[in-house]
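Chain A is the first sequence line, chain B the second, and so forth, proteins listed ahead of strands; every chain is numbered from 1. Fair warning: this is a prediction, and the values are worked out from it, not measured in the lab.
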There are 2 protein chains.
Amino acid sequence: MADPDLRREAIRELLREEEIASQEVLLERLGRKGFHTSQPVLSRDLRVLNVAKQAGFYRVSEEERVTPLAALKSLLRSEQPVSHFVLLYCEPGAASAVARALESDGIDGLVGTIAGDDTVLVASDSHAASMRVRRRVRELL
Amino acid sequence: MADPDLRREAIRELLREEEIASQEVLLERLGRKGFHTSQPVLSRDLRVLNVAKQAGFYRVSEEERVTPLAALKSLLRSEQPVSHFVLLYCEPGAASAVARALESDGIDGLVGTIAGDDTVLVASDSHAASMRVRRRVRELL
DNA sequence: GAATGGTGCGAATATCTATGCGGCGCTTGA
DNA sequence: TCAAGCGCCGCATAGATATTCGCACCATTC
């Protein structure tokens, strides 16, 4: 029997490149690619792949976003709490990049950042929020 | 006849607060809220609302992102093309905020921005891209 | 008051999807 | 060896959803 994972990968691919409205059509497209199966299998595959049907067509879910923060690991030097803010020390010139990445990380309670050249002040709306910021940052150090 | 929009709002609400697996169930829940209708109407409503069915349950799509740019309307003064770049004039001190917002707006072909105190230079990779930037900016002026 | 056009509706039904079930092939362990 | 367990499969069909069609209602126009 063919590997189910190969078939599922083919399904993802097909759904990305074409608007497909029914499992019947998908079945036919898969056939062209050499995967011969049946509609019930597709029904199950689509559930496993967590594919959604929206506005009449199947949609593969967005790839889970890689937080840009992870890529900035090398720019971060250290971290220090000040009241319920957090101060970050970065490589020279890297502060605004780090600040921007932090803001896009969607940390709950993060109000804003002020970036100098190598220092970022992270303002949060509570002590708990600043703890979340610190935890997030330490994950990267 | 009851306003369809009210019913649709009720649907969104229901889907947010409960895992609902079929239109039949949704029909019943709506009934409890005082909206009496039929399955075909739900089918059409769910399409209008762009609701997805995923892993057996209905999911309201993420709230459409409000571009931060819209909030910066008051900070923008004027706009002017220079070659295939665009120069933006802003309120004093607002340039970097505007630049950041523009970058997060996901304009196709936008390469980067340089922000001074009240001026932003927006670099794009083609004339067409700079036109997109200008159109976007003028929407706000 | 017709005639016209637009919008929303729901019964009936066509179409699409999920699932109960039994079969096949592989692996494990007595 | 072979029986039990498991994953995967597809047929048949139950179940869920989309669409066709015709009606009701309201506004606009003549």
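Only A:A21, A:S22, A:Q23, A:E24, listed by number, bring a heavy atom of residues 15-32 of chain A to less than 4.0 angstrom from any atom of DNA chain C. Within residues 37-45 of chain B, the residues having any heavy atom under 4.0 Å from DNA chain C are, by residue number, B:T37, B:S38, B:P40, B:V41, B:R44.
Per the geometry, CG belonging to B:L6 stands 11 Å off P belonging to C:dC9, to the nearest Å. Note: NZ (B:K53) to P (C:dA18) measures 7 Å, nearest angstrom. When rounded to the nearest whole Å, the span between CG of B:D5 and P of C:dC9 equals 10 Å. Residue B:R47 contributes atom CZ, which lies 17 Å from atom C1' of C:dG8 at whole-angstrom precision. Here D:dA18 presents its P atom at 13 Å from CG of B:L49, a figure rounded to the nearest Å. Distance A:F35 CZ to D:dC9 C1': 16 Å, rounded to the nearest Å. Straight-line distance from the CD1 atom of B:I11 to the P atom of D:dT17: 13 Å, rounded to whole Å.
Not counting sequence neighbours, the partners of B:L27 by the side chain to side chain contact (heavy atoms under 4.5 Å, CB included) test are B:T37, B:L42. Residues satisfying the salt bridge (Lys or Arg N to Asp or Glu O under 4.0 Å) criterion with B:E28, sequence neighbours excluded, are B:R32. Partners of A:E24 according to the side chain to side chain contact (heavy atoms under 4.5 Å, CB included) rule, which considers only residues two or more places apart in sequence or in another chain, are A:S22. Residues meeting the salt bridge (Lys or Arg N to Asp or Glu O under 4.0 Å) test with A:R8, sequence neighbours left out: A:D5, A:D45.
Side-chain atoms of B:L49 and B:L15, non-hydrogen and from C-beta on, never get closer than 4.5 Å to each other. Between B:L46 and B:K53, every side-chain heavy-atom pair lies at or beyond the 4.5 Å cut-off. Counting heavy atoms from C-beta outward, A:L6 and A:F35 have side chains that approach closer than 4.5 Å. Counting only heavy atoms from C-beta outward, the side chains of A:R44 and A:V48 never approach each other to under 4.5 Å.
Contact between the side-chain N/O atoms of B:Y58 and the OP1/OP2 oxygens of D:dA16 is not found at any separation under 4.0 Å.
Considering every non-hydrogen atom in both B:I20 and B:R29, the closest pair reads CD1-CG, 4.2 Å.
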